[in-house]
Structure formats: C-alpha cells, structure tokens
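In what follows, a structure is listed as structure tokens, so that the remarks can point back to it.
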Amino acid sequence: MVHQQRSQARLSPFGDTEDMSNMARVLAPRLAHFAGVARTEHVTRAALEMNVPQSTLSRAMARLEQDLGVELFARHGRTVSLTPAGRTFLASVERALAEVERAAEEVRADADPATGKVAFGFLHTMGAETVPGLLHAFRADHPRVRFSLVQNHGEAMLEGLRAGELDLCLTSPVPDAPDLVARRLDEQKLRLVVPADHPLAARRRVRLAEAAEETFVTLEPGYGLRRITDALCREAGFKPRVAFEGEEAETLRGLVAAGLGVALLPPPTVPRPGVRELAVTAPRAAREIGVAWLADRPDTPPVAAFKKFLLSRRGGLLPA
C-alpha cells in the first residue's frame, strides 16, 4: 500500500533511544483512543463512550496508523475490525494502559490523608529506640498511615531526598544546602567510650585531649558522626589515629570492648558490658539532630502531618 510505504519511509528505522523516545511521545496520547475503538469496533460508539468528537477520533486513528506505518483497522462502513497487526498492538496497549492505571492508583493511595505513605530516613543510631517511639506516638492519631523506612548515613539520606526516594530524614549534622530545608530538633551528647580495663575507665569525666595518644575506632568517612569526631579531635589539638572504621555504632562499641581502641559515640540504647562511657568536658562534645526535606517539593497530606509532628518534638525528640 502506498500509504504504508510512505509512513515506513518517513519513520524507519527506529535506530536509537532518542527515536524511540520521540515515538513514545507521539503515540502515547492516542493509545486510550485506539483501545476504545478496538473494544467497540465502532468509531461512533467509541466517540460517544469517550466523549470525543467522532471526527477527532477518526483523525487520531488515521494519524496513529500513519505514524506506525501499518494498518490497524479494516474498515467496513461504520464498523471496523482489527487487522493482525492491530491485534498485536492492542495486547501491548492494554498492558501499558493497565500499568498506567496501576501507577495512578498507587500514587493516589500514597497521598491519601488517612492511609498514605511516608518515606522516612534516619541514622542507624536512631533506629533502636528513637524512631520506634516516634512512630508509635504519631500513629496514635494517624493509625493507618504507612511508612517506608530507610536507615543510612547522612550523606546517603540527603541524596535520597534529592532523588525523590525519601520525603523526610533525621540526620546529623543538620545540613546546610540551598536545595534543602532543615530544622534542628534536639541535641545528643557524645561520650568517650573506653575498654573497661582502660586506665581512664575509673574516671567519670575526661578532656578529649587526654585521648590524643589513643587508637580510635570510628565510623567510615561520609558518616556525620565521623565528621564530628574528626572536628572535635582537631579542636582538642590532635588528629585521631584510626585503626578500624565501621558502619554501625554498636559494632564500634564491640571493638572498644575487645580492647581495639576508643570511640566517640552517642549513648547506647542499653548498657554494653566491657566498656565505660565517659563524659567529655572539653571541647563540648555533642551532635545536633535535625529533620531535612527537599525545598519546594509539595508535601502529600501524610508527609505534611508527619513533618508537623516531628517539628512539634523540638527539644524532646530523644529519649530522656
């Protein structure tokens, strides 16, 4: 057919990703119309069902066939029937439309004020006690809101915000970036953790400079607590000698208990045998905990409710 040959000459080949992307943009608006005509096998009836002028629908089907370079329908007066190519195309179109509908239902469900979802990130050290307590308190008034929880270090969570994978995150230090909004919620004192048989273990308080010759165990670079540790040691006049780097505070406590070094850590959820936790008198050893979110991103109702709840916990975020 001349019509088919002209279309194929204009459109083929679909040789690269840009061509395929352009074709998808061209075809997408017409797919639901095609499915409607294919279902009814009657352009007039399909136009009435979809509330589309018959002339508009007829032109859309003709243009769709032209863009594809194949005949999708055989015309029989006012009725139509699918060609073999049309039946093949319909199977894929119906799958695509079903997936779009599924995606639409999912995003509507996630935004539902009563049953929607919040993607919430937090530091590993917040996971054992702080976050479960927060969620328990929040769900007293929002019992059906769902959560997608992510534990990670601060930099990874900020990237999660920017990538749209997280709605909110609890992190430390409190970030200062033009594309983020951050609010300080609380402060957590850090302790110098030493083995139970360490010469300093009998003390209750210590100046950090007294640990200048010690071997340290720390979190890996990129973790907020690692940056705080390096900064406090620098303020105390030394650079820590790091023997082990880990990803989780309680693992570091285990290394300290085994006599492999000392560490600056937040208080444990439960006391750990084999270590002593010493208050640091100088410099002031503490970390700020804050909540962050991406600037200029609209909140769904459940995200807005949880954000408001977190901000209401200023000064009372952490267990006493």
| Are Glu155 and Arg162 within salt-bridge range, i.e. N to O under 4.0 Å? | no

| message | For Phe89 and Phe73, I'd like to know if the aromatic rings sit close, meaning centre-to-centre distance below 6.0 Å. | response | no

| Is the shortest heavy-atom distance from the side chain of Asp112 to the side chain of Pro302 under 4.5 Å? | no

| message | Quick one, Leu208 with Phe238, criterion side chain to side chain contact (heavy atoms under 4.5 Å, CB included). Give me CA distance, side-chain angles, the key distance, then yes/no. | response | CA-CA 9 Å; Leu208 189 56; Phe238 69 96; 4.1 Å; yes

| query | Ile228 versus Leu264: any side-chain heavy-atom pair under 4.5 Å? | reply | no

| Sub-3.5 Å donor-acceptor pair from the side chain of Thr83 to the main-chain atoms of Leu72, do we have one? | yes

| task | Quick one: pull up CZ in Phe244 and CG in Leu260 and give me the separation to the nearest 0.5 Å. | result | 4.5 Å

| query | How many angstroms lie between atom NE2 of His136 and atom CG of Leu134, to the nearest 0.5 angstrom? | reply | 11.5 Å

| What are the two closest non-hydrogen atoms of Val131 and Leu170, and how far apart are they? | CG2-CD1, 4.3 Å

| said: Using the rule that Ile, Leu, Val, Met, Phe, Trp and Tyr join whenever any side-chain heavy atoms are under 4.5 Å apart, tell me whether Leu149 and Phe309 fall into a single cluster. | reply: yes

| task | Could you tell me which non-hydrogen atom of Leu166 sits nearest to which non-hydrogen atom of Gly121, and how far apart they are? | result | CD2-N, 3.8 Å

| message | Show, in sequence, the C-alpha distance, side-chain angles and deciding distance for Leu232 and Leu190, and conclude whether the side chain to side chain contact (heavy atoms under 4.5 Å, CB included) test is met. | response | CA-CA 11 Å; Leu232 288 172; Leu190 302 178; 4.1 Å; yes

| said: Hydrophobic clusters here meaning ILVMFWY residues chained together by side-chain heavy-atom distances under 4.5 Å, can you tell me if Val70 and Leu31 are in one? | reply: yes

| query | Phe147 vs Phe306 aromatic rings, parallel, tilted or perpendicular, using cut-offs 30° and 60°? | reply | perpendicular

| field | Val100 reachable from Val107 in the ILVMFWY side-chain graph, under 4.5 Å edges | value | no

| field | Donor + acceptor pair across side chains of Gln54, Thr44 (<3.5 Å) | value | yes

| request: Determine the minimum heavy-atom distance between Pro267 and Arg253, stating which atoms define it. | output: C-NH2, 3.7 Å

| task | Report whether Met157 and Val118 are members of the same hydrophobic cluster (ILVMFWY, side-chain heavy atoms less than 4.5 Å apart, transitive linking). | result | yes

| said: Ignoring hydrogens, what is the shortest heavy-atom contact between Ala263 and Phe216? Give both atom names and the distance. | reply: CA-CD2, 4.4 Å

| task | Please tell me if the side chains of His33 and Met50 come closer than 4.5 Å, counting only heavy atoms from C-beta onward. | result | yes

| query | Donor-acceptor pair, Ser172 side chain versus Glu288 backbone, under 3.5 Å? | reply | yes

| Are Leu225 and Leu185 co-members of a hydrophobic cluster defined by side-chain heavy atoms under 4.5 Å apart? | no

| said: Given 3.5 Å as the limit, does a donor-acceptor pair link the side chain of Arg87 with the main chain of Leu82, or not? | reply: yes

| Value rounded to 0.5 Å, distance of CG in Leu64 from CZ in Arg59 | 14.5 Å

| field | Contact check, side chains of Val194 and Val275, non-hydrogen atoms, under 4.5 Å | value | no

| field | Reported CH2-to-CG distance for the pair Trp293 and Leu310, which is rounded to 0.5 angstrom | value | 9.0 Å

| message | When you compare the side chain of His42 with that of Glu49, does any pair of heavy atoms fall below 4.5 Å? | response | no

| field | Non-hydrogen atoms of Pro53 and Ala47 that approach each other most closely | value | C-CB, 4.2 Å

| request: Run the numbers on Leu294 and Leu180 for side chain to side chain contact (heavy atoms under 4.5 Å, CB included), then give the verdict. | output: CA-CA 5 Å; Leu294 196 67; Leu180 300 175; 3.8 Å; yes

| field | Nearest-0.5 Å distance, CZ of residue Arg276 to CG of residue Asp197 | value | 9.5 Å

| message | Salt bridge or not between Lys189 and Glu277? Use side-chain N to carboxylate O under 4.0 Å. | response | no

| request: Sort and list the pairs that fulfil side chain to side chain donor-acceptor pair (under 3.5 Å) and have at least one residue in residues 139-153, not counting sequence neighbours. | output: Asp110-Arg146

| Just wondering, do Arg183 and Val291 contact through their side chains at under 4.5 Å, heavy atoms? | yes

| request: For Arg287 and Thr125, test the side chains for any donor-to-acceptor distance below 3.5 angstrom and give the result as yes or no. | output: yes

| field | Thr229 and Arg226 side chains, donor-acceptor separation under 3.5 Å | value | no

| Are Asp167 and Asp299 close enough, and set up right, to give a side chain to side chain contact (heavy atoms under 4.5 Å, CB included), and what steps lead you there? | CA-CA 8 Å; Asp167 298 310; Asp299 292 332; over 6 Å; no

| Could you give the distance from CD (Glu250) to CG (Leu265), rounded to the nearest 0.5 Å? | 7.5 Å

| query | Should we say atom CD of Glu105 is surrounded by more than 12 heavy atoms from elsewhere, each under 6.0 Å from it? | reply | yes

| Shortest non-hydrogen separation from Ala201 to Pro195 and the atoms involved | CB-O, 3.6 Å

| Are any side-chain N or O atoms of Asp186 and backbone N or O atoms of Leu318, one a donor and one an acceptor, separated by less than 3.5 Å? | yes

| field | Arg102/Glu106 ion pair, N-O < 4.0 Å | value | yes

